[in-house]
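Let me begin by presenting the structure, written as structure tokens, before commenting on it.
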Amino acid sequence: MKKKILIVEDNFELADNTKDLLESEGFEVCEILDSEHRIEDVLYEYSPNAILLDIHLNGETNGIEIAHNIREKFSIPVIFFTSASDKDTIEKVKAVSPDGYILKPFTKDMLCTSLELAISNFETKSNNKVSELISQDRIIKGSIFIRDKGYLKKVNIQEIDWIKADGSYTHICTEDHTIYTLRNLIKEVIHKLPSVLFCKVNKAYIVNLDKIEALNSKEIIIKGQNIPVGRNYYQNILSRLNQVTR
């Protein structure tokens, strides 16, 4: 399976050349962005394996600030690629603890090797962290608390079938067909859930991958309910299923 990369770079020519280099080596570039706008949407939609992030970008937010925001919400390796090597920038970068730092100009070998190592090391660290938490009996049980009829009700994450955005509300359906309605945006809810288990399948729906009974390029079936698949989401869903079942 090809490793998916998100490129955030405001020099379009450089970004396009980087895309060509990566694709020639078997990577898939899922999107090229030139600022912080749409980064979260792309991360939810494609679940890339890594982000190549420039430091100096269009807009009010620089790459270091973007990396901080990503670290708070997503579990994904961040690799800076930049021409900045001054002491002040390096000190600011240290606070983010990036998974890689590639100085421009770079060669194809340097780029691909840095990415491969960053992705591999990140996966190893993630697996080790989970194993350590389990061995120390510190891992948080797989549940969230949902306000329902004046109570905070404990809901097992594994029992969630799907989540649907409805304006400023979010609906959560569990395996016993209970539907909870929250006064939260769907982005706020999904941050509480393990990204490995849930996948966005269209602009409104996120599903539990373990609950999918059947699917094709047009719809997913969960307990007899047909959930439409967005035109640009199907291949990502397939890749996520491969990751879960391998």
(Q) Donor-acceptor pair, distance only, cut-off 3.5 Å: does the side chain of S24 make one with the backbone of L21? (A) yes

Q: Look at the side chain of K4 and the backbone N and O of F27, then say whether any donor-acceptor pair between them is shorter than 3.5 Å.
A: no

Q) What residues form a side chain to side chain contact (heavy atoms under 4.5 Å, CB included) with T61, not counting sequence neighbours? A) E36, E65, I66

Q: Report the distance from atom CG of L215 to atom CD1 of I220, rounding to the nearest 0.5 Å.
A: 5.5 Å

Q: Could you work out the complete set of other residues in the hydrophobic cluster of L152, with links drawn between I, L, V, M, F, W and Y side chains under 4.5 Å apart?
A: F145

Q: For D210 and Q158, run side-chain contact (heavy atoms from CB on, under 4.5 Å): C-alpha distance rounded to whole Å, both residues' side-chain angles, the deciding distance at 0.1 Å, then the answer.
A: CA-CA 8 Å; D210 278 349; Q158 295 280 355; 3.8 Å; yes

Q | Any donor-acceptor pair under 3.5 Å from D54 side chain to T82 backbone | A | no

Q) Is Y233 linked to L238 within one hydrophobic cluster, defined over Ile, Leu, Val, Met, Phe, Trp and Tyr using a side-chain heavy-atom separation of less than 4.5 Å? A) yes

Q. Salt bridge (charged side-chain N to carboxylate O under 4.0 Å, His left out) with K218: which residues, sequence neighbours excluded?
A. none

**Q.** Approximate separation, where rounding is to 0.5 Å, of I70 CD1 and L43 CG
**A.** 6.0 Å

Q. Just wondering, do R183 and Y169 contact through their side chains at under 4.5 Å, heavy atoms?
A. yes

Q. Is the backbone of T174 close enough, under 3.5 Å, to the side chain of T178 for a donor and an acceptor to pair up by distance?
A. no

Q) So do the side chains of Y101 and I79 get within less than 4.5 Å of each other, counting heavy atoms only? A) no

Q. Short question: side chain of T170, backbone of N184 - any donor-acceptor pair under 3.5 Å?
A. yes

Q: Sequence neighbours left out, what passes salt bridge (charged side-chain N to carboxylate O under 4.0 Å, His left out) with K187? Give chain and number order.
A: D41

**Q.** Flag, side chain of D16 to backbone of F12, donor-acceptor distance under 3.5 Å
**A.** no

(Q) Y205: which residues meet the ring-ring contact (aromatic ring centres under 6.0 Å, His included) condition with it, sequence neighbours left out? (A) W162

Q: State the CG-CG distance between L53 and D99, to the nearest 0.5 angstrom.
A: 11.5 Å

Q | Under 3.5 Å side-chain donor-acceptor pair for D109 and T107 | A | no

Q) Under the side-chain contact (heavy atoms from CB on, under 4.5 Å) criterion, do I102 and L52 qualify, and how do the steps go? A) CA-CA 9 Å; I102 304 172; L52 273 175; 4.2 Å; yes

**Q.** Residues in side chain to side chain donor-acceptor pair (under 3.5 Å) contact with N226, at least two apart in sequence or another chain
**A.** E219

(Q) Could you work out, with side chain to side chain contact (heavy atoms under 4.5 Å, CB included) as the rule, every residue matching E60, not counting sequence neighbours? (A) none

**Q.** Gap separating the CG atom of D161 from the CG atom of D176, nearest 0.5 angstrom
**A.** 8.5 Å

Q: Write down the atom of S168, the atom of L185, and the distance for their closest heavy-atom approach.
A: CA-CD2, 3.8 Å

Q: Work out which heavy atom in A84 is nearest to a heavy atom in L103; give both atom names and the distance.
A: O-CD2, 3.6 Å

Q) Considering all heavy atoms of both residues, which atom of V78 and which atom of A67 are nearest to each other, and what is their separation? A) CG1-CB, 4.2 Å

Q | Donor-acceptor under 3.5 Å (R231 side chain, S217 main chain) | A | no

Q) So, for V229 and N216, which heavy atoms are closest and what is the spacing to 0.1 Å? A) CG2-O, 4.0 Å

For residues 88-95, run the donor-acceptor check on the side chains, cut-off 3.5 Å, and write out each pair with its distance to 0.1 Å, sequence neighbours left out.
unit_1, atom_1, unit_2, atom_2, d
D88, OD2, K92, NZ, 3.4
T89, OG1, D86, OD1, 2.8
T89, OG1, D86, OD2, 3.0
E91, OE2, K94, NZ, 3.1

Q: List for me each residue that meets side chain to side chain contact (heavy atoms under 4.5 Å, CB included) alongside H37, sequence neighbours excluded, and say none if there are none.
A: S35

Q.
Do L6 and L117 land in one hydrophobic cluster if side-chain heavy atoms of ILVMFWY residues count as linked below 4.5 Å?
A. no

Q. E175 and K211: which non-hydrogen atoms are nearest, and at how many Å?
A. OE1-NZ, 3.3 Å

Q: Return the orientation label for the F106 and F81 ring planes: parallel under 30°, perpendicular over 60°, tilted otherwise.
A: tilted

Q.
Could you work out, with salt bridge (charged side-chain N to carboxylate O under 4.0 Å, His left out) as the rule, every residue matching R147, not counting sequence neighbours?
A. none

Q: Show your reasoning for whether salt bridge (charged side-chain N to carboxylate O under 4.0 Å, His left out) applies to K108 and E25.
A: CA-CA 9 Å; K108 179 170 71 173; E25 292 299 307; 3.2 Å; yes

Q | Heavy-atom donor-acceptor pair, E9 side chain to N11 backbone, under 3.5 Å | A | yes

**Q.** Value rounded to 0.5 Å, distance of CD1 in I206 from CD1 in I186
**A.** 3.5 Å

Q: Find out whether P48 and I5 are in side-chain contact, i.e. whether some heavy atom of one side chain is under 4.5 Å from a heavy atom of the other.
A: no

Q: Go through the structure and list residues passing salt bridge (charged side-chain N to carboxylate O under 4.0 Å, His left out) with E116, not counting sequence neighbours.
A: K3

Q: Specify the closest pair of heavy atoms between I7 and A15, including all atoms of both residues, with the distance to one decimal.
A: CD1-O, 4.0 Å

Q. Backbone N or O of N236 within a donor-acceptor pair of the S239 side chain at under 3.5 Å?
A. yes

Q: Check the pair L115 / L22 against side-chain contact (heavy atoms from CB on, under 4.5 Å), numbers first and verdict last.
A: CA-CA 10 Å; L115 269 175; L22 291 174; 3.4 Å; yes

Q.
Looking only at the side chains, is there a donor atom on one of S47 and R240 sitting less than 3.5 Å from an acceptor on the other?
A. yes

Q: Flag yes if I32 and I76 sit in one hydrophobic cluster, no otherwise; membership is Ile, Leu, Val, Met, Phe, Trp, Tyr, and two members link when side-chain heavy atoms are under 4.5 Å apart.
A: no

Q: Give the cluster check for L111 versus I119: same hydrophobic cluster or not, with ILVMFWY residues linked at side-chain heavy-atom distances below 4.5 Å.
A: yes

Q.
The criterion is side chain to side chain contact (heavy atoms under 4.5 Å, CB included); which residues satisfy it with N232, sequence neighbours excluded?
A. E45

Q. Roughly how far, to the nearest 0.5 Å, is the CD1 atom of I160 from the SG atom of C173?
A. 10.0 Å

Q | Close side-chain approach of D34 to L57, heavy-atom, < 4.5 Å | A | no

**Q.** Salt-bridge contact K2-E23 (side-chain N to carboxylate O under 4.0 Å)
**A.** no

Q) Are V155 and I157 connected in a single hydrophobic cluster, I mean Ile/Leu/Val/Met/Phe/Trp/Tyr linked by side-chain heavy atoms less than 4.5 Å apart? A) yes

